[in-house]
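Residue numbers start from 1 in every chain, and the chains themselves are labelled A, B, ... in the order their sequence lines are given, proteins ahead of strands. Note: hydrogens, waters and symmetry copies are ignored here, and every other heavy atom, side chains too, is used.
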Amino acid sequence: MFELLSEPIRRYVREQHWDGLRPIQSASIQKVMQSEDNLILASRTASGKTEAAFLPILSRVDFSEAGVQVLYISPLIALINDQFFRVEELCKHLDVPVTKWHGEASQTLKNRLVKDPRGVVLITPESIEAMLVNSEYKAKGLFSNLKFIVIDEIHAFLGTDRGKQLQSLIFRLRQLNKGNVRVIGLSATIGSFDQAKDMAGPENTTKILLDPNGKEIETDFKYFEQGNLSELPLALIKDLYLNVCNNKVLVFPNARGTAEEVAVKLHRLSEKVGGHPHYYSHHSCVNKEWREYIEEFAKNNERFPFTIACTSTLELGIDIGSVDKVVQINATHSIAGLIQRIGRSGRRNNETSKLSLYATDPWNLLQGLACMTLFKREKFVEPIEYTEKPYDILLHQALALIRQFSECTQDELIHKLSVNAAFKHITVDEIKEIVQHLQQTDMLEFIGGKLIIGVEGEKITNSKDFFSVFQTETYFRVQVQDKPIGEIPLTHFTTVDQNILLAAKIWKIIDIDIPAKKITVIPAMDGKKPVFAGSGSGEVHPRIRREMLKLLIEDNVEMPPLSDDAKEAIRQLRLEFEYYKIEDFEVDRPLKVQVKEMFWYSFQGTRINSTLSFLFKAAGIDHEWWDVESKFRFATGNFELIVQQAMKVYDDLDSHLVKKVLNDPTELSFSKFGHHLPFKYQVLLVKDKRYDFAGAMDFLSTVNISQVNVLPQP
DNA sequence: GACCTGCTGCGGCTTG
């Protein structure tokens, strides 16, 4: 395939002294050079996907033409800054200019590009939106002669509101171009590629190039019971310290507060025993400059071991070099996330990836095991959940289109929305109803036969917050003297004289300036982890819960290596379930009946559990539920009857939903623009995005109860 | 009892 590349690019490849082209690179070179297809390149992290896309693109495109030829879209500014150096290095051989275009990029360089639009541009979806909305002429000058759009980390967009917006933006960009614009998506291995194909273009124009080879994964599972403690057990911290102190390690504790706790405690232990000082925390609330310093340290340092306690900020493709080992504290909610995290270790060739999982309760241990066994046995990764009718994103795009074109007739607007591939499942009548509602609520105004932005619409579209479709909370800046160290939400725990952990250090709050949203701190000796108010929407797929049941019931199940304590925790949990007759893991479910209450284990995914709870509540059945255990508590009674009553709710589902959405405004809190929709569509959005009624009903109609009566000991 | 992501244009200021 090497011969297909242009001479300057071949020279570049020779200068790199690579052993040869990777499989994904060869496949991509052939398809980019010899077909007109859109492509999805899927392979594990650090397998050279960026080069796989850019080597043939740079070989094929004629950069002497006016206008930007290649648009690279990334979900993160940090990734753009990272990739800029690699792409620029490639482009040097061709004298092709590369420009960063995002909110923090140089205005001067952007202006220079507008005057002489050429080469490659690296951009975020929000910056594309801003440009189309505020200055369409600029977008036309820059992007009306595009040949390729490259979407990096496309899996980060799939199934999300931001992904729908991006799909619509790609459609709007294609409308500026007369010629064909090819889309190339770069992806980690994911469960299904239909959504990725859908984003790239019309059906049958997109080919998937998949390199399924992963690295060997070495795991060990440990168990340290936390019980009712609000902190991690001391024994866990001590064991963890011995595990990490001589290695380069990422620790993922699933929460920002716990990341701080881990970083501070390891650091303190290390100080006591005379170990190294390189213990850091890295998450969204740590000051950006400090985060960049940590990333640089990890990337450039060869000699020193280090440990970074982090959240999903270090899960995506930012290059932090080689890590020896990954530690996960308690289970991830998805297999996709687990594999992505594990993939950060052993990045040099031929090294295996290493994972230690520390569980602090038996159900988390079981869920972690289930994720691992499912992946190892079947290579199972969750399919991508998506909304067929994203009415809220359509509303946002309707306002954006009116801003983009200043004015248009109602028919023009409806047409622009209905032909947009992002909204292909929403009918013309539905679009019409939403557009008319926007006029009734002064979001749009009808003047001289044309629609323009109305008084209420101005308030929304004039804010710089308009360009993104996701919500954000307000945080208070935390600073010591005048140096910023990060930010935290203001909760009732945040008071003067309180001590908090942030950026792997302990601080005492000495002042809170509410109007300025500023908290001043000084160093302290001791403190509690900060409280971040979580919204709690991590969803576990039903397949994982079914695997958990299987691990509890089946004899001679194959398990990865477990510590003695972990073995014992699993043994105890299996004992609790040994008397249930479970043969079909899809439908047989345990019911434990006691004198006053009974417990039903659904072993279902989070979304179905939450839908079941909705149905029980609507049927007037008192209950409580816990997702990790997928356990429901009822008063002792006839369970068959409970199932029947819950299923009956479905006959009159819409009126129950209407009641729920009317009485509980938080039902729609997942959507930034949803409350501007006609009420009917707010209900439909809640029905589709929050719940899975089809799945829940299917489960209730087939579930088979295995009952065990537990009587009090005499 | 999750996590993460991004941001125009303009006026007026300081600094090299």
Go through the N and O atoms of the side chain of A:Asp465 and the base of B:dG6, and report whether any donor-acceptor pair is under 3.5 Å.
yes

For the base of B:dT5 and the side-chain ring of A:Phe470, does the geometry meet a stacking cutoff of under 5.5 Å between centres and under 30° between planes? yes

A:Asn134 CG to B:dT8 C1', in whole Å, measures 5 Å

Looking for any heavy atom pair under 4.0 Å, which part of the strands does A:His333 touch: base, sugar-phosphate only, or nothing? base

Does A:Ser135 make a side-chain donor-acceptor contact with the base of B:dG9, cut-off 3.5 Å? no

Inset, instruction - Answer with base, sugar-phosphate or nothing: what part of the nucleic acid does A:Thr160 contact at a heavy-atom distance below 4.0 Å? - result: nothing

Short question: side chain of A:Gln226, backbone of A:Glu231 - any donor-acceptor pair under 3.5 Å? yes

Counting any heavy atom closer than 4.0 Å, what does A:Lys110 reach on the DNA or RNA strands: base, sugar-phosphate only, or nothing? nothing

Rounded to whole Å, NE2 of A:His541 lies from P of B:dA2 at a distance of 22 Å

Separation of B:dT5 atom P from A:His283 atom NE2, nearest Å, is 11 Å

Which of A:Phe467, A:Phe673, A:Phe470, A:Tyr391 passes ring-ring contact (aromatic ring centres under 6.0 Å, His included) with A:His396? Answer is A:Phe673

Across the strands shown, which category fits A:Ser468 at heavy-atom distances under 4.0 angstrom: base, sugar-phosphate, nothing? base

